[in-house]
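Data first, discussion second: the structure below is written as structure tokens.
Quick note on labels: first sequence line is chain A, next is B, and so on, each numbered from 1.
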Amino acid sequence: MIADAPPPLDPAALRDDFPILHARTPSGAPLVYLDNAATTQHPRQVIHAMVEVYERHYANVHRGIHWLSDQSTDLFEEARRKVCRFIHARDPEEIVFTRGTTESINLVARSWGDAFLAPGDEVLLTEAEHHSNIVPWQQLAARRGIVLRFLPLRDDGLLHLDALPSLLSQRTRLVALAATTNVLGTTQPLRTIIPAARAVGARVLIDAAQSVPHTVTDVQALDADFLAFSGHKMLGPSGVGVLYGKREILEEMPPFMGGGSMIRRVRLEAFEPADVPARFEAGTPPIVPAIGLGAAIDYLERVGLDAIAQHERLLLQRAHAVLGAIPGVRVLGPAPEHKGGIVSFVVERMHAHDVAHLLDRRGIAVRAGHHCAMPLHKRLGITASTRASFYLYNTLEEVEQLGRAVEEAQRLLRRK
Amino acid sequence: MAPDQDDIYQEHILDHFESPFHRGHCPQATHAYEDDNPLCGDFVHIDLAIDDQGRIREAWFDGDGCCISLASASMLMQRINGSTVAEAQNLTAEEMLALLGVRLTPNRQKCCLLPWRVMKMALFSPVTSSAAAPPPTNGSEHAGPAEHA
């Protein structure tokens with residue numbers, strides 16, 4: 001059993017690659033960065049890869065005849081091949097570069113949804129989704145008269161899978177859900193849900209923003225039709241994201257935005273769209289961010305996704321134990337074995353903003369609020385929570401510091 | 001160490017947070033309003049008992065929120081309790097932030113200004129259905145907050 005486990009990674013050694021992690025916060029305390037579900041930090045290798053492009057290779061892609069444009073195009077397309085390999089897609093042409101997960105999901109709602117869904121058709125989501133996997137479907141419902149359904153959560157934060165059969169029918173055209181949820185960190189049972197969706201002929205969209213950075217993703221093994229994620233949650237820059245789509249589905253979809261690059265030919269009265277993926281990449285794409293994402297993939301592959309997942313599991317288990325042992329602290333969601341490296345909690349008689357503010361005074365960066373999941377918080381009967389989220393460079397000592405800082409915050413705000 | 005101005009959890013704020021002024025409801029309220037900040041879930045309810053001379057006899061608040069929004073509400077109630085409607089109406093956002101007495105980032109300024117915003121609305125929100133009239137103020141030239149809420 002142990003033989004299967006990858007050698008443990010050494011976060012102390014990795015931290016040397018991340019200049020920002022050596023920052024001192026205004027209070028003088030070293031930075032403890034536990035807001036990785038919001039965005040992650042960048043290793044020098046990614047920063048340097050982007051600087052290198054700006055200093056040596058930069059021009060617009062797919063346009064010029066000149067040598068810089070050729071270099072830029074080669075690097076940009078190499079990044080697409082890296083993404084393809086990283087998520088085990090069949091073909092780089094199934095990889096669409098977008099600005100992020102949000103744009104990827106909106107692209108599917110606008111293009112596929114507008115073209116193929118009719119009034120009365122149903123889209124099934126879950127109660128645990130990020131707003132970016134709710135609002136585009138609400139907008140589609142307003143445009144096309146489709147019906148949204150929601151797979152409910154049980155009180156332990158896991159999905160009510162018993163309700164799945166009654167929510168799926170011939171009318172279900174799409175099932176869209178996060179692989180790992182952004183507040184509770186729940187790892188959803190995709191291997192149960194996707195075949196069930198298939199059985200009624202529905203398409204499946206996976207919001208993989210919180211899973212692709214942390215664990216091996218194989219879109220073919222999953223049999224997902226669409227999969228969306230962002231570069232900035234996986235050591236890459238903001239401004240680039242990915243929509244994976246099965247080629248035959250992308251090919252029947254109309255363009256999303258109109259402009260340059262997405263056309264084959266334009267006459268004054270009409271245009272012919274380009275082939276995929278260019279059809280969905282109107283305008284100048286995020287050239288350097290995409291190349292930076294490629295460098296981030298190189299880095300993650302060198303460390304190893306299995307080692308990263310194992311390390312985060314260790315941090316998560318410790319976080320549950322440390323926070324769970326503090327009186328007045330309630331850890332939200334299921335047990336660690338059903339979760340990625342995210343721990344959200346509430347502190348009795350303390351607002352999440354106060355918790356986060358007091359942690360910040362000790363150099364600890366966490367997220368506080370509803371984390372773009374207001375329906376989930378309503379379901380949990382709370383208005384806000386505090387979230388710590390881990391990545392490869394976090395240490396067990398940082399988890400201990402989190403626990404101590406929460407206790408200190410409690411003492412400060414409960415003086416009576 | 002951080003300068004004092006940057007420490008928002010100063011004694012006077014913690015005092016208001018833990019022992020707030022006029023937290024609760026006012027049975028004699030003539031005006032009341034309630035609103036929330038959906039981003040953080042804070043909500044504040046304000047009751048005002050305004051007399052015929054346009055004086056706020058009683059100002060009470062209730063609500064749920066962070067230390068800053070609750071301390072701000074407490075300080076605001078203390079400030080306007082006994083003042084005239086015109087004085088309360090003329091209280092600017094800058095004055096409210098100064099009243100709290102710590103430097104806030106733009107995000108947390110919203111916490112501080114929630115009770116202030118609710119108070120402004122309360123001045124124009126009579127609780128009795130018969131009293132649809134504007135508050136008994138002496139011909140203020142200011143547009144009511146209700147008009148640009």
Side chain to side chain contact (heavy atoms under 4.5 Å, CB included) for B/D42 and A/H353? Distances and angles first, verdict last.
CA-CA 10 Å; B/D42 289 1; A/H353 281 181; 5.6 Å; no
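Atom CZ of B/R108 is surrounded by more than 12 heavy atoms from other residues, nucleotides or ligands within 6.0 Å. Within a 6.0 Å radius of CD1 in A/I20, no more than 12 heavy atoms belonging to other residues, nucleotides or ligands are found. Enclosure of atom CZ in A/R99 is not indicated, since only 12 or fewer non-hydrogen atoms of other residues, nucleotides or ligands lie within 6.0 angstrom. Atom CZ of A/R404 is surrounded by more than 12 heavy atoms from other residues, nucleotides or ligands within 6.0 Å.
Here the shortest heavy-atom pairing between B/I68 and A/D354 reads N-OD1, 4.4 Å.
Residues B/D64 and A/H351 form no side-chain contact, since every pair of their non-hydrogen atoms from C-beta on lies 4.5 Å or further apart.
Atom CG of A/L412 is separated from atom OH of B/Y9 by 8.5 Å, given to the nearest 0.5 angstrom. Rounded to the nearest 0.5 Å, atoms CG (A/L358) and CD1 (B/I8) are 7.5 Å apart. Atom NE2 of A/H357 is separated from atom SG of B/C67 by 9.5 Å, given to the nearest 0.5 angstrom.
Residue A/M350: no heavy atom, backbone or side chain, is found under 4.5 Å from chain B.
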